[in-house]
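Down below is the structure, laid out as structure tokens.
Predicted, not measured: the structure shown is a model, and the values here were computed from it. We count ligands from 1, going down the list as the structure has it; atoms in each ligand are counted the same way.
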Amino acid sequence: MIPKIKVCGITKPEEIQALNDMAVDYVGFVFATSKRKITVEKAIKLRKLLNKDIKTVAVLKDPTDDLVQWVIDGQFDIIQWHGIIPEKWLARIDQNIWQGVSICNEASLNEMIGHHNIVGYVLDGKNPGSGKPFDWELLKQLSTQSNIILAGGLNAENVDTAIKTAHPHIVDVSSGVEDANGKSYEKIKTFVRKVRNYDK
Ligand SMILES: O=C(O)c1ccccc1N[C@@H]1O[C@H](COP(=O)(O)O)[C@@H](O)[C@H]1O
């Protein structure tokens with residue numbers, strides 16, 4: 001199965017062209033502490049530049065209540081939540097949620113929560129957004145039913161092996177398509193082609 005593609009951590013209008021040209025499936029905006037952090041207001045402006053078919057993902061990590069409410073009001077397609085998701089928000093959020101889970105060992109997989117609003121699991125290493133891969137072999141025991149979004153240090157060189165080992169539904173990349181100026185048109189193009197040509 002060829003996975004769908006999410007490019008995360010968009011911060012500038014110049015970065016949008018590659019995402020539209022390559023017709024990526026998901027684009028993520030980071031509202032957590034990060035060099036890629038942007039405001040909800042700015043993300044909404046950038047979202048207007050994206051092709052309508054591209055789904056948007058709001059990335060949170062241990063957010064304040066105010067931020068969660070702004071993100072809900074901002075109507076992103078998916079909320080990607082790293083850290084503990086308080087019960088009150090699980091009950092109140094109507095949007096689809098992807099739970100971010102840091103995979104350090106086999107036991108980490110037990111942190112994946114079953115809840116009707118949680119429709120996917122972003123599996124990353126210890127520090128999301130750090131560009132470091134984790135041991136994909138740990139995912140071999142996962143049921144193929146789980147909607148797995150594989151993140152953490154993916155790039156055009158390793159994504160083939162990652163897909164072959166972990167069989168993700170979606171591959172999620174940020175650092176691996178960046179250069180010193182932010183997201184790189186060429187790196188996005190190369191990554192997307194590599195994924196779409198998987199198995200050819
Ligand atoms: O990008 C960040 O800095 C970040 C901060 C806090 C939570 C998540 C973050 N990013 C997520 O990291 C993965 C991909 O990262 P990378 O390819 O290893 O750089 C992706 O899910 C982003 O949403």
Cation over ring, Arg47 on Phe29, under 6.0 Å and within 45°?
no
Return the protein residues near ligand 1 (heavy atom under 4.0 Å from any of its atoms), ordered by chain and residue number.
Lys6, Cys8, Val30, Ala32, Ser34, Arg36, Val59, Gln80, His82, Val122, Asp124, Pro128, Gly129, Gly131, Ala151, Gly152, Gly153, Asp172, Val173, Ser174, Ser175
For the residue pair Phe191 and Val177, what are the closest heavy atoms and their distance?
CB-CG1, 3.8 Å
Residues passing the side chain to side chain donor-acceptor pair (under 3.5 Å) test with Asn105, sequence neighbours excluded, are Ser108
Identify which one of Glu178, Glu15, Gln17 satisfies the side-chain hydrogen bond (donor to acceptor under 3.5 Å, both in side chains) criterion when paired with Lys183.
Glu178
Anything under 3.5 Å between a donor and an acceptor, one on a side chain of residues 159-167, the other on a protein residue two or more places apart or in another chain? List them.
| from | atom 1 | to | atom 2 | distance (Å) |
| --- | --- | --- | --- | --- |
| Thr165 | OG1 | Thr161 | O | 2.6 |
| His167 | NE2 | Lys164 | O | 3.3 |

Results of side chain to side chain donor-acceptor pair (under 3.5 Å) for Lys48 - residues two or more places apart only:
none
